[in-house]
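See below for the structure under consideration.
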Amino acid sequence: MRILGIESSCDETAVAIVDDGRTVVSGVVTSQIDIHKKYGGVVPEIAARSHIEAITPALEQAFEAGKTNWDEVDAIAVTKGPGLLGALLIGSLTARTLALTKNKPLYGVDHVKAHAYVNWLMDEQPEFPVLALIVSGKHSQIVIFESHEKYTMLGQTIDDAIGEAFDKVSKMIGFGYPGGPALAKAAENGDPHAYKLPAPHTENPYDSSFSGLKTAVLRKLQDICGKDYRFPSFEIAPLLSEQQINDMSASFQYSAVKYIVDKVKRAFDEYQPKSVIIGGGVAASQELRKQLQEAIPQEINYAPIEHCTDNAIMIATLGFYHAQNHQPDDAVHMEVNPSLSM
Ligand code: KG4
Ligand code: ZN
């Protein structure tokens with residue numbers, strides 16, 4: 001079954017074609033990072049407008065790169081949430097229009113669940129029960145999958161997501177958006193134990209709170225600069241030495257990753273899954289991959305880094321499994337859901 005996937009929930013316009021949820025025919029990602037960088041984060045209205053400009057060229061490129069055509073496409077899968085309303089609407093309107101004009105079944109899928117599905121592209125398939133850690137700029141979810149359709153979210157963030165914390169700390173120490181990769185690079189030359197940071201308590205042990213960790217970083221930085229808690233975060237960076245920046249990058253990365261890895265380990269011990277998988281932009285973190293493998297007493301088969309950040313391959317892959325168990329959506333009326341939850 002050849003599925004065309006469309007993703008537009010945030011700042012990447014992506015189109016991919018995948019066979020049987022397994023074989024990538026083509027995958028195109030048009031990133032808007034350079035456009036949003038100067039604002040220090042994603043501007044929703046600009047994102048929506050950029051998707052309008054990027055979606056048709058991305059579709060053309062996906063067909064061209066895959067040397068395929070509409071006759072060979074069996075269905076369309078599209079992100080219906082969660083995400084930015086205006087951004088989601090561009091992808092879904094495109095998918096609905098194509099479903100109607102090309103006469104193809106349409107499946108709206110969950111972006112967060114889809115992040116886990118890049119693991120089903122691998123030669124070695126995850127085995128149920130699967131314990132999944134989905135960590136991105138907006139999500140920090142620990143999910144146990146009994147099957148493709150039966151799953152329980154054990155915990156999620158009660159405030160900021162882990163990627164969001166990476167981005168905010170990165171901003172404080174003077175790196176741009178998105179912060180994860182820049183912070184990871186600086187951390188290579190820093191001491192992860194230079195600054196001690198807390199592991200915020202949550203009532204449900206599988207939930208997480210990254211806002212508390214971010215605030216602890218702010219207080220520590222104000223302290224390093226000899227300022228009190230009223231000193232603005234955006235004035236801190238110029239007062240820091242390169243070593244202090246590297247040390248805070250390493251300390252924050254180590255603590256944030258350890259905090260979430262401890263929770264996954266706890267879930268592993270309680271649920272004894274056959275496979276452990278990770279997905280989402282923060283799953284690109286080498287520190288996360290290292291700490292998780294050290295904590296889990298079975299070999300983890302990590303998905304390639306290029307499939308962890310937002311893309312449409314994951315949408316087409318989840319679309320394949322979704323299509324096995326669901327009727328197609330109504331292309332005339334399908335709605336998006338910005339706060340869709342697993
Ligand atoms: O999944 P994604 O592309 O978009 C969302 O759905 O949010 O994730 C983006 C997030 C950003 O917060 C970015 O800083 C983070 O993933 N990220 C990383 C790394 N690469 C990207 N965080 C930590 N370490 C990395 N190497
Ligand atoms: Zn994402």
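Whatever order the structure lists ligands and atoms in, that order sets their numbers, starting from 1.
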Decide, yes or no, whether a salt bridge links Asp262 with Lys258 under the criterion of side-chain N to carboxylate O below 4.0 Å.
yes

Which atoms of ligand 1 sit under 4.0 Å from any heavy atom of Lys138?
5 (C), 6 (O), 7 (O)

Does the N or O separation between Gly163 and ligand 1 drop below 3.5 Å for any pair?
yes

Lys/Arg N to Asp/Glu carboxylate O, Arg22 vs Asp20, below 4.0 Å:
no

Is it the side chain, the backbone, both or neither of His139 that has a heavy atom closer than 4.0 Å to ligand 1?
neither

Between Glu7 and Thr79, do the side chains contain a donor N or O and an acceptor N or O under 3.5 Å apart?
yes

Is there at least one pair of N or O atoms, one from Gly180 and one from ligand 1, spaced under 3.5 Å apart?
yes

Going by the order shown, which atoms of ligand 1 are within less than 4.0 Å of some heavy atom of His111?
6 (O)

What about Gly281: any of its N or O atoms under 3.5 Å from an N or O on ligand 1?
yes

Angle class for the His148/Phe128 ring planes (parallel below 30°, perpendicular above 60°, tilted otherwise)?
perpendicular

Would you tell me whether His111 and Asp310 have side-chain atoms, one donor and one acceptor, within less than 3.5 Å of each other?
yes

Any side-chain heavy-atom pair of Lys113 and Val143 under 4.5 Å
no

For Arg289 and Gln286, test the side chains for any donor-to-acceptor distance below 3.5 angstrom and give the result as yes or no.
no

Heavy-atom distance under 4.5 Å between the side chains of Thr23 and Val25, does that happen here?
no

Under 4.0 Å from any heavy atom of Pro181, which atoms of ligand 1 are there?
19 (C), 20 (N), 21 (C)

Give me the residue, atom name and distance of the protein heavy atom closest to atom 9 (C) of ligand 1.
Gly137 N, 3.8 Å

In the protein, which heavy atom is nearest to atom 15 (C) of ligand 1, and how far is it?
Val282 CG2, 3.9 Å

Under 2.8 Å from the Zn ion (ligand 2), is there any N, O or S atom belonging to His115?
yes

Non-hydrogen atom of Gly179 closer than 4.0 Å to ligand 1
yes

Can you tell me the N, O or S atom of His111 that's nearest the Zn ion (ligand 2)?
NE2

Go through ligand 1 atom by atom and flag the ones less than 4.0 Å from a non-hydrogen atom of Thr309.
3 (O)

Any N/O of Glu12 closer than 3.5 Å to an N/O of ligand 1?
no

Kindly assign one of parallel, tilted or perpendicular to the pair Tyr151 and Phe145, based on the angle between their ring planes and the thresholds 30° and 60°.
tilted

For the residue pair Tyr321 and Tyr117, does the interplanar ring angle fall in the parallel (under 30°), tilted (30 to 60°) or perpendicular (over 60°) class?
tilted

Would you say Asp167 and ligand 1 have an N/O pair spaced under 3.5 Å apart?
yes

Hey, which atoms in ligand 1 end up nearer than 4.0 Å to a heavy atom of Phe166?
23 (C)

Here the N/O/S atom of Asp310 closest to the Zn ion (ligand 2) would be OD1

Specify side chain, backbone, both or neither for His115, according to which of its non-hydrogen atoms lie closer than 4.0 Å to ligand 1.
side chain

Side chains of Val18 and Ile3: closer than 4.5 Å at any heavy-atom pair?
no

Between NE2 of His51 and SG of Cys10, what distance do you get to the nearest 0.5 Å?
7.0 Å

Please work out which of Val42, Val257, Asp310, Asp11 has its closest non-hydrogen atom nearest to atom 4 (O) of ligand 1.
Asp310

Starting from atom 24 (N) of ligand 1, what is the nearest protein heavy atom, named by residue and atom, and what distance separates them?
Ser285 CB, 3.5 Å

